[in-house]
Amino acid sequence: MVAVRSDHLGSLDVYLHGAQVTGWVPSGGDPVLWLSPLSRYHANEAIRGGVPLCFPWFGGGPGDDLTPSHGPARLREWRLEAVTESSDHVEVVLALGRVGDGRVTGGPLDALAAAYRVRLGRSRLDLALEVRNSSGVPVTFEEALHTYLAVSDVRAVAVEGLAGADYLDRRGGRDPVRQEESVLRLGAETDRIYVGTTATVVVDDPGAARRLAVRKTGSASTVVWNPWAEKAAAMADLGAGWPHMLCVETANVRRDAVTLAPGARHTMVAGLTVEDRAGGPGA
Ligand code: BG6
């Protein structure tokens, strides 16, 4: 694990297991990412919380028939390439030579290579996943930065930025549904893949007196997920913590999957910022 501690930037924790960011606390602020106290830290499991990295498929993939769920990248040990520092940021760079490592059955997907840059700045965290096709054939893959935002109470936040966007409801139904509400307020299990949206999403959290913004580039999907009480209770590593998390995931999945020509690269970036409710930096 890489643990960054800086008086003026705050703290950042990144596990080599899955290249998973598990903690970000801006200097003088509160944790922005939710991390389950029930996380099990097993070699063959993803840590529950922070930012698990789903790659090269999401869930069971486009045909819903691939294992492990959300792809093998979040279960692999990534290589630490570099930690660099300047006056306004610290950057941690991790790499995965071949995601399949010869042991996964994703076919050409196994040959994809990835580099992940995690940059801690002042009241901001930037996550950039670069994927390279090192095979000799075109490869189509999915990816998601499965960001667990820490919220005071998921039932009391407003999610801005998705008005008019179409989503696939993972709880059931094949056809896309349009979000007609100007802001999304959650009142039940929510598991949505918004497709064809590059919009910034802001989670307005009056209870925490802050707004968390997720800006993105190279991403056409946004996943919004909270399992709610019953499903959370059935998950060994989540339990009673569900009201305090909301996943807003920067992604390219399903119809937004990325196709890379041999030798080509693609980068997806999520920029997380914290603002107070008057619009200023939150920390
Ligand atoms: C979300 C999915 O992104 O991840 C949900 O939309 C899924 O369907 C959730 O339940 C958690 O997945 P996992 O594999 O980390 O338990």
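Just follow the structure's listing: the first ligand is 1, and inside any ligand the first atom is 1.
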Determine, considering heavy atoms only, which of V223, D237, T147, D191 sits nearest to atom 6 (O) of ligand 1.
-> D191
Sub-3.5 Å donor-acceptor pair from the side chain of D13 to the main-chain atoms of T22, do we have one?
-> no
Which residue holds the protein heavy atom closest to atom 4 (O) of ligand 1, what is that atom called, and what is the gap in Å?
-> H146 NE2, 2.7 Å
Heavy atom of R192, distance to ligand 1 below 4.0 Å | no
Heavy-atom contacts with R48 under 4.0 Å: which atoms of ligand 1 show up? List them by number with element.
-> 11 (C), 13 (P), 15 (O), 16 (O)
Answer yes or no: is there a donor N or O on one side and an acceptor on the other, between the side chain of S123 and the main chain of G121, under 3.5 Å?
-> no
W78 side-chain N/O to A73 backbone N/O, donor-acceptor pair under 3.5 Å | yes
Starting from atom 11 (C) of ligand 1, locate the nearest protein heavy atom and write down its residue, its atom name and how far away it is, to 0.1 Å.
-> W225 CH2, 3.5 Å
Decide, yes or no, whether a salt bridge links R174 with D169 under the criterion of side-chain N to carboxylate O below 4.0 Å.
-> no
Minimum side-chain heavy-atom gap L96-Y116 below 4.5 Å = no
Can you list the atoms of ligand 1 that are under 4.0 Å from a heavy atom of E249?
-> 1 (C), 3 (O)
Which residue supplies the protein heavy atom nearest to atom 12 (O) of ligand 1, what is that atom called, and how far is it?
-> H70 NE2, 3.3 Å
Heavy atom of C247 under 4.0 Å from ligand 1?
-> no
Minimum side-chain heavy-atom gap R192-R170 below 4.5 Å | no
Report, in ascending order of atom number, the atoms of ligand 1 lying under 4.0 Å from any heavy atom of S69.
-> 14 (O)
So does E130 pair up with R132, basic N to acidic O under 4.0 Å?
-> no
Ligand 1 versus R74, non-hydrogen atoms closer than 4.0 Å: side chain, backbone, both, neither?
-> side chain
